[in-house]
Amino acid sequence: MDILFDVLRTAIAPSTAAFALAAIGLNFHFGLTGLLNMGQAGFMLLGMYGFAISIQQGWPIWLAVIVGLVAAALFALLLGWPTLKLRGDYLAIVTIAAAEMVRFLGRSQSLKDLTGASSGIRGSDYKAPFEELSPFPDSIVEIGPFSMHGSRSSSWWLTLVTWALVFVCAGLFWRLANSPWGRVLKGVREDEDAVRSLGKNVYSYKMQALIIGGVIGALGGITWSLGNSVQPDSMGRPTTFWLWTLLLLGGAATVFGPLLGSILFWSSLTLVKSLASAFIPSDVLAPTELEPFSLVLVGVTLMLLVVFRPQGVLGNKKELAF
Amino acid sequence: MLATLDRRALLRAALVFLIAAVGITAVLTMGGAAEAATAETEAVTTTASSGGTNLLIQNLFNGIVFGLLLALASVGLSLIYGTTGLSNFAHGEMVTFGAMITYFLATPQEVSFPLLPFSFSVNWPFWLAAPVGIAIATGFGWIQDKIIWSQLRRRRVAMVQQMIVSIGLSLALVNFIQWWMGGRPVRLVTSIDPRNQYGPISVGNVTLISMAIAIAAILGVAFFLQRTRLGRATRAVSDNPALASASGIKVNSIIRIVWMMAAGLAALGGILLALYQQGIGFDDGTKLLMMMFAAVTLGGLGHPYGALVGSLIIGIVAEVSTVWLPPDLKFATALGILIIVLLVRPQGILGKPERVG
């Protein structure tokens with residue numbers, strides 16, 4: 001019973017919503033346009049840094065959010081400008097390299113006073129303005145089996161805000177994907193040359209998709225940092241790979257795919273971990289080995305998914321970039 | 001060569017580089033209070049560079065060593081890309097795997113398999129453990145191609161899907177290695193390598209032997225590709241698989257051999273790297289993957305000698321940049337070079353222009 005509640009708690013947790021947000025961004029890139037962005041974690045990290053550093057400078061919260069989003073938009077511009085004309089796998093290599101560069105710069109000792117180097121920025125240094133906006137009481141609130149703090153860190157307040165953002169962005173995706181603009185993007189995904197021959201500027205459309213997806217990714221990063229802390233190494237390559245796994249699990253190019261994917265991904269991870277710790281004796285699988293063990297399963301899941309069911313749970317096989 | 005360069009691409013690359021440089025400098029100066037830290041690093045550099053050019057020469061030498069080891073690891077990546085078109089994201093784990101298997105066989109400490117509750121100690125001498133480790137890694141390359149990649153090729157799974165499969169494999173393998181060997185770096189040999197001074201260069205004996213082995217292995221690969229029938233067939237497949245198949249070359253068995261060679265060379269690279277760095281962690285190969293991609297792309301994706309040229313350049317740039325830049329940014333510098341190269345000459349130094357998308 002406890003395991004069930006653990007799983008449910010993970011399913012509604014703010015970090016699950018934050019990953020759903022970042023996956024919606026990735027859905028704009030890959031699902032809609034067919035861009036192989038392997039650096040979504042870099043966008044998230046930039047959003048987090050922009051937000052946290054602005055607040056540390058004493059700027060108001062709305063400005064800090066804008067700084068985080070603008071940083072991601074500029075990153076997308078800088079990244080897309082030269083690479084969107086190259087073949088797909090080049091974009092993959094460049095985005096992954098650029099995301100790693102952001103991480104290396106963030107954890108570099110020479111930027112210690114700004115980014116806190118490898119230890120990152122502590123949550124208490126930037127969370128206060130957001131927590132002060134909370135309408136909920138400043139204490140533990142229990143609703144049914146769920147008990148969370150009203151406004152601090154991973155709180156009811158953060159849960160409400162992030163899931164609201166997820167639904168707003170999913171709505172945005174639905175609206176844009178069904179607009180004339182979205183149909184052009186789908187055309188780019190299916191056959192770039194055909195769209196070009198219709199007189200559309202493919203490059204500019206790809207750029208717009210890259211920026212929108214990156215900005216939503218940064219939003220995911222900001223909400224994630226509000227529940228945790230800004231830590232460059234938590235946004236490394238594995239994070240991007242998890243995003244890909246959960247997007248493909250839920251179904252790329254669908255409105256609710258990223259949502260469902262994120263919920264399924266994190267709750268099954270919790271389920272596997274709790275079941276393993278409950279039923280496998282610790283001399284066979286020590287508690288420290290649980291994390292790598294469950295991530296091995298994630299990797300295998302990703303492989304099997306891509307080969308046997310690339311459209312995921314909700315997707316349509318015709319709507320895939322590959 | 002310059003005639004083939006698109007002037008607009010060049011301009012674009014220069015601009016991106018400029019913006020990035022301005023951005024980084026702005027951020028650096030914005031952290032006003034960062035001066036203390038900078039002063040500290042400056043102090044370190046001034047004391048270290050008391051020899052002046054000596055530091056440069058030492059770093060250049062370190063760069064060549066690192067470049068050679070990188071070349072061993074990335075030759076396979078390049079060959080696989082050349083023959084199959086796959087950007088194999090799981091190649092970094094092959095490097096770690098080779099070193100870890102050798103550790104498993106050589107260490108006097110108790111080792112065990114995951115999920116099996118008993119532990120034992122193999123404790124072979126290093127000279128025996130290393131070749132056996134490479135052999136096991138080669139076998140792993142064979143198994144990988146047998147049960148994964150050849151199946152995907154047969155099912156005609158798209159390249160992008162295969163790339164994501166390799167990402168999944170990388171995630172699974174790196175965590176499997178962590179699960180198996182633990183999170184801490186392990187040392188293949190416990191003895192301390194004494195450093196000797198040759199003119200301005202200080203180097204350990206083990207490093208010299210590693211360099212010799214690396215050079216020998218690279219020459220061996222070159223000989224194989226240039227002089228043997230199988231090597232010629234490999235180059236033919238790399239050039240044009242359909243035509244190679246039509247002229248009677250068994251493309252699939254060539255690819256199988258390439259996978260085995262790639263895995264074996266990566267394992268050798270991993271073992272030498274573990275000796276050079278005096279230890280290897282479960283994610284060292286994964287960290288190295290980006291450097292390998294940088295090297296291979298720089299030299300020309302799929303071009304067998306491109307990996308060598310690219311690796312040496314990346315190795316030297318990464319090490320020499322530490323003379324001026326903080327050492328924790330050396331990988332970032334190498335990645336920056338990768339991005340600039342992709343902007344200016346996406347096919348790489350030795351690549352053919354038609355590979356550009």
Side-chain angles (χ1 to χ4, degrees), chain A residues 36 38 74 78-79 81-83 85-90 92-94 96-98 100-101 103-105 107-115 117-118 237-238 241-242 244-245 248 280-281 283-285 288-289 291-307 310 321-322, chain B residues 9 12-13 16 19-20 24 27-28 30-34 36-38 41 87 114-117 148 152 155 157-165 167-179 182-183 286 290 293-294 297 325-326 328-329 331-332 335-336 338-339 342-343 346 356-357:
Chain A
L36 290 174
M38 288 288 163
L74 286 179
L78 203 63
L79 211 63
W81 185 26
T83 50
K85 289 191 172 166
L86 299 175
R87 209 180 46 201
D89 47 351
Y90 280 119
I93 295 177
V94 169
I96 200 170
E100 287 288 276
M101 273 177 77
R103 190 169 67 89
F104 280 131
L105 273 177
R107 51 173 299 157
S108 162
Q109 282 297 328
S110 47
L111 290 174
K112 193 167 185 351
D113 292 286
L114 212 54
T115 62
S118 55
R237 267 181 288 165
F241 298 162
W242 298 342
W244 272 87
T245 310
L248 290 169
I280 300 180
D283 55 335
V284 177
L285 198 64
T288 49
E289 294 172 338
E291 186 74 22
F293 168 71
S294 49
L295 290 177
V296 169
L297 293 184
V298 174
V300 174
T301 314
L302 179 60
M303 288 163 74
L304 296 177
L305 257 178
V306 174
V307 176
F322 34 69
Chain B
R12 230 181 290 143
V16 168
I19 294 172
I24 290 171
V27 170
L28 276 171
M30 211 170 91
T38 341
T41 40
S87 310
L115 290 181
L116 298 184
I148 306 176
L152 295 185
R155 288 170 59 116
V157 173
M159 235 5 134
V160 171
Q161 267 166 293
Q162 289 197 29
M163 190 178 93
I164 299 175
V165 171
I167 288 174
L169 183 66
S170 145
L171 199 59
L173 279 178
V174 72
N175 284 295
F176 178 77
I177 292 172
Q178 186 188 2
W179 175 17
T286 320
M290 281 292 97
F293 267 125
T297 324
L325 292 173
D328 50 4
L329 281 183
F331 283 152
L335 293 181
L338 163 71
I339 292 177
L342 277 179
L343 307 181
V356 191

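Every chain is numbered from 1, with letters handed out A, B, ... down the list of sequences. The model shown is predicted, which means the values in this text are computed figures rather than measured ones.
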Side chain from CB out, backbone as N, CA, C, O: work out which of these in [X] comes under 4.5 Å of a heavy atom of chain A, or both, or neither.
X	answer
B:L152	side chain
B:I148	side chain
B:F293	side chain

What distance do [X] atom [atom1] and [Y] atom [atom2] have between them, rounded to the nearest 0.5 Å?
X	Y	atom1	atom2	answer
A:L248	B:Q161	CG	CD	9.0 Å
B:T297	A:I93	OG1	CD1	4.5 Å
B:I164	A:L36	CD1	CG	6.5 Å

Applying a strict 4.5 Å limit to non-hydrogen atoms, the region of A:A92 in contact with chain B is side chain
Using non-hydrogen atoms and a 4.5 Å limit, figure out which bit of A:R107 sits close to chain B: side chain, backbone, both or neither.
-> backbone
Looking only at A:L305, A:I96, A:L79, A:V298, most heavy-atom pairs under 4.5 Å shared with chain B are made by A:I96
Might you point out which heavy atoms bring B:L335 and A:E100 nearest each other, and give the distance in Å?
-> CD1-CB, 3.7 Å
What's the shortest heavy-atom distance between B:Q178 and A:P292, and which atoms?
-> OE1-CB, 3.9 Å
All ring pair (Phe, Tyr, Trp, His ring centres under 6.0 Å) counterparts of A:F241, not counting sequence neighbours = none
Evaluation steps, side-chain contact (heavy atoms from CB on, under 4.5 Å), between A:W242 and B:L171 | CA-CA 9 Å; A:W242 298 342; B:L171 199 59; 4.1 Å; yes
If we only count heavy atoms from C-beta on, is the A:M38 to B:I167 side-chain gap below 4.5 Å?
-> yes
Report the C-alpha separation of A:V296 and B:W179 in whole Å, then their side-chain angles, then the decisive distance to 0.1 Å, and conclude whether the side-chain contact (heavy atoms from CB on, under 4.5 Å) test is met.
-> CA-CA 9 Å; A:V296 169; B:W179 175 17; 4.2 Å; yes
If you tally heavy-atom pairs under 4.5 Å between each of B:S87, B:G168, B:S170 and chain A, the highest tally belongs to B:G168
